[in-house]
Structure formats: structure tokens, C-alpha cells
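Single-structure report; data block below.
Counting starts at 1 for both ligands and their atoms, following the listed order.
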Amino acid sequence: MTSTIESTNFIHQIIDEHMATGRFGGRVHTRFPPEPNGYLHIGHAKSIWINYGTAELYGGKFNLRFDDTNPTKEEQEYIDSIIYDVKWLGADWEDRLFFASDYFQQLYEWAVQLIEAGKAYVDDLSPEEIREYRGTLTEPGKNSPYRDRSIEENLDLFQRMKDGEFPDGSRVLRAKIDMASPNVNLRDPIMYRILHAEHPRTGDAWCIYPMYDWAHGQSDSIEGITHSICTLEFENNRPLYDWFIEQLGIYAPQQIEFARLNLTYTLMSKRKLLRLVREGAVSGWDDPRMPTISGLRRRGYTPEAIRTFCDRIGVSKANSVVDIAMLEHAIREDLNQRAQRVMAVLKPLKVVIENYPEDQVEEMDAVNNPEDASMGTRKVPFSRVLYIEQDDFMEDPPKKFFRLTPGREVRLRYAYFITCTDVVKDADGNIVELRCTYDPATRGGDAPDGRKPKATLHWVSASHALDAEVRLYDHLFAAPDPEDAPEGQDFTANLNPNSLEVLPSARIEPFVEGAAPGSRYQFERQGYFCVDPDSTANRLVFNRTVGLRDTWAKIQRKQ
Ligand code: ATP
Ligand code: MG
């Protein structure tokens, strides 16, 4: 996929300056550095596009690197899903797939180098004591009593930590920087902790693991990354990353921070999304209501729409919240251009055309996509017994209801005008069937006398239509800010109880027969839908990707 980034953002301005001064010898090399502790979400897509799009724009390179430094939270399932998702989004790392765990040996040797230089020490304080000694934002920390151990003792203890002599949590290796630094990150940060844990890639080769802060910057350095693009919360870590690089005397990338993506009605923390999965609030990481890439894919989103959205929201230094209607607008726009139109009745009401011959079937011509004539037309079977939408009929309608009602004529799309002559009810008074007549002179949807009904309805032929299940979605959270929960409660209190509505008895024109999971359609008048992997050979399941009403476009018009 080629870049659609045209306007220059502040990151590009920084790079332009580096280009002008020759700081990186004209190179641009970025990376996306996920931690494999969950599935990727739409916020990660923004980071991927900034990194990949920037490399693309400057003819540079892009790496995919897993920052896999925490074996207790990381799993192969997450690694696999992330690789799949980044590829699906269209970012290409060529042959540059890396893991921080590939650098464990090098990181270890660098740690020894710092100990030898008197810049790192083994600390025996407990985790609680370390926290206590760290001080606060307003108070300086104080030195650990173990801070001034001899280099020899530190080398010996660190070796023994590596050899597995000590239990988890009993000792750590710390950088010796400044316990009084106003930047808390510089108060002798932990470089290694003891963790007797199996790592997805290195197995039990290690029982000490580097902290993210000790691994991240050096990994960028090893890979020759020029611009380490990350989110704003790492701004205060930058001096630490620079300190490590400087002490080691190795190649120094430039870190650049940008504001992370926040979306209304959406949570974007892997930790919290994991809770929703574990607690069964959703069916899994790929539940179509999840903001994960796998959820969006299952919902029917395209990589192109996600990229368009990321381009439109832009890159900035200021935190803000994007209206989710903007994301929905992007997919609606994309699918409008490419989706095959079909007719589907979600809540069927039987209609019998009394003056239509019993065994007659006609093939009506229907347009596949009015936005794209090259998609052609198809035949839709019409017969005496049809289904229309329950909502398209009212026996006793209010004034502004223009659809079908007793005695009124409406148009059936691509077919005929019909008039309702009678309403059939069951013993409880529920409407179960409509009796209608049709005007044979209106075939194709036009009357020779030029009369025009006020409404055009979609329909399917009862004996030809396929059974299907349709799943309609609303926002997963009922509050624009899911974190804004009542006193004493958390984000789960804001889960929307009506985020999923299952319609078990939808009927769809036969055109969609055999559609593979992932196939996308516009159901006329209902929105865009995508075939779900839960579909079986006999019964399709559809997810509504997005409705037709464009709230974002409306907001834009008002402005
Ligand atoms: P989360 O808090 O959701 O778990 P994270 O930052 O811990 O996210 P990482 O796997 O460490 O997740 O993130 C990989 C990259 O994606 C990082 O560079 C991070 O800054 C970026 N990223 C994460 N969330 C967002 C977001 N909402 N918007 C933009 N970039 C993001
Ligand atoms: Mg993280």
C-alpha cells in the first residue's frame, strides 16, 4: 500500500532538519515496538502508520520488533496475532522482524560493562523498600545502603543472579545515577530483576530479565533506528534512554514523542481489554465490539479505512479525544465505494401478492453498486410470497410515516408497486401477514403514468431467500469516556448492556450464497455487513460493520 500522507507533520519537520544537517547520513529507519502482552488495538494502528508511513515517505526502512522483556505477561498467541495484524494493516517490515530477547546476551554484557564502570550495582532492598527509598515528585529519594558495594562484589552478585542462586524479588541490578534527580526515572532505575519464568522464545535460558527501560533504547540502537517514535508518556524516560546510550558509548537514535490516540466510547489499554476478555464481557479479543485490530477486522473494517482514519486524525503533541464517528465515517466511505449491494430483510414480515400467479418467478435486474458501474448488475428472483421489513409496515401510522400501510401503494425496489389490501393477525392480535396486490405495469419500478410512491422498500422472495443470523452492534461502552465511572466503580460499570442485538431469522437474497467469512456487503437501507467466521455451510452469520447514517458527515456539515 502506498502512503497517503501528504501534509507534513511535526515529526517530518524534525526529520527534514536531520536530513538537512546530515545527522543520520540521510537515513530514516523506524520501528513498531509492541510488547506481546495482548492484541493490538486501533491506537497501535496509529503508531504503526506513523512509523511505517514515515519510513515510506522518506524511502527508509521499518522494523517490527517485539519488546518481549516480561515473560510473565507475554505469550506466543500474542506474538502471532500481532504479526498477523501488522501484516494485515499493510505495513511491511520485509525481513526485519526482531525481538528484544534476541539481544538478551548483548544487554547482559552491557550491564556488566556498566558495573565495571561503577555505574550499576546490585541492590538487596525489597521491592517495597525500593519504592519507599525512591521518594516522590516533591521529595528526593535516598540512597540504598547497598549502593556503594565494590565493583567486584557487584560483578560476583550479578553473575550469581544470572546463575539462578537467588529467589525472585530478592535482588535487582540498578543503574547508579542520582537518587535526588527531579526526574524520578533517573533515581537509580532497575535494570534487571530475577524471574524464574519460562520465556516464549528463550525458554529457561535466563532467570534474570532486563526491564523495558534497559532493553528498549539499546534495542533501537542495535537496530540502527534513526527516529524512535513513541507516545508522550515516554517523554520523561528519554533522559534515561540517552544516559544508558551515552554511558555505553553506542549509536544514539533520536526519540520523538507524539500524543496517543483516544477515542470516544472506547478503551485502549491492553490490560483493561484483557480484563474484558477474561471476565467474559466480550466473546474474545476479536469480538466485533472490541477496538482491537482483530475485532475491527471481524466487524468488517478494511485496512484502507483504518489507514485513512489514521491519516485524517494526524499527529500531534497535544492529547485529545477523537470522536468514534470519525472512524465509522472512514469505513462507511470505503465500503460505499466497494461493497456489493444486496437486499436483506432483518425482521421479516410475510407479504402475499394476491394477483401474482402462483408458480411464476421473475428475475429482476438490480444494480450491484451505484458508485461503481463496472460492478454490473445481478438478477433478483421475485415471486408471489415475499418478505419485507416489519418496520416498513404500520397498520395505524402517524402522519410522517410514508411506508406501507393499509390501502397505500409503495414501490418494491427493482420490482413493482404494491398496495396493501388486508392485514392477517394471529390469535394474540400480532400481524403475521400482509395481503397485497401489484400493478403489472410498474415492472422495474416505474409507472407508465409517472406516479411515484413516497417510499421504496427492500424485499426478498420467501422461497428463494437464505436464512441468516444478523448481529447488530452498538458501542461497547455506554459512556463517551468509559473511565468516567460512578464513585467506587470502574470502567466495567459503563459497559453498554445493549451493545449486541442478535436477529436470528433474517432473510437474504440468494446472491450471497456461499459467501466466505470476511465478505462485505451493503444491505440496502440497513448498512454495511460482513460475513462472520461463525457462519456454517447452511447458515450465514453477518455482523453489521456500520449503519448508513453518517453522524460524522452531519457534524462536519454543521461546522
Ligand atoms: P497499552 O497501554 O494499550 O497496553 P502500550 O503502549 O503498553 O499500550 P505497547 O505494546 O508497548 O503497548 O505499544 C507499542 C507501541 O504502540 C508503542 O510505541 C506505543 O507508544 C504505541 N501505542 C500504544 N497505544 C497507543 C495509542 N493509543 N495511540 C498511539 N500509539 C499507541
Ligand atoms: Mg507498554
So for ligand 1, is [X] a polar contact partner (N or O within less than 3.5 Å, distance only)?
X	answer
F258	no
P33	no
H41	yes
Y212	no

Any carboxylate oxygen within less than 4.0 angstrom of a Lys/Arg side-chain nitrogen, looking at [X] and [Y]?
X	Y	value
D188	R147	yes
D334	R332	no
D286	R299	no
D168	R193	no

Kindly identify the option in L261, N37, I42 whose heavy atom sits closest to atom 28 (N) of ligand 1.
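When every heavy atom of L261, N37, I42 is considered, L261 comes closest to atom 28 (N) of ligand 1.
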
Whether R171 engages the ring of F166 as a cation-pi pair (distance to the six-membered ring centre under 6.0 angstrom, angle to the ring normal within 45°) should be assessed.
yes

Under 6.0 Å from the ring centre and within 45 degrees of the ring axis: does the NZ or CZ of K270 meet both conditions for the six-membered ring of Y39?
no

What atoms in ligand 1 come closer than 4.0 Å to a heavy atom of [X]?
X	answer
F32	14 (C), 15 (C), 16 (O)
S269	3 (O)
H44	8 (O), 9 (P), 10 (O), 12 (O), 13 (O), 14 (C), 16 (O), 22 (N), 23 (C)
T231	19 (C), 20 (O), 29 (C), 30 (N), 31 (C)

In terms of ring plane angle, is the pair F98 and Y103 parallel, tilted or perpendicular, where the classes change at 30° and 60°?
tilted

Between R271 and ligand 1, which residue portion shows a heavy-atom distance shorter than 4.0 Å: side chain, backbone, both, or neither?
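Within the 4.0 Å criterion, R271 makes no contact with ligand 1.
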
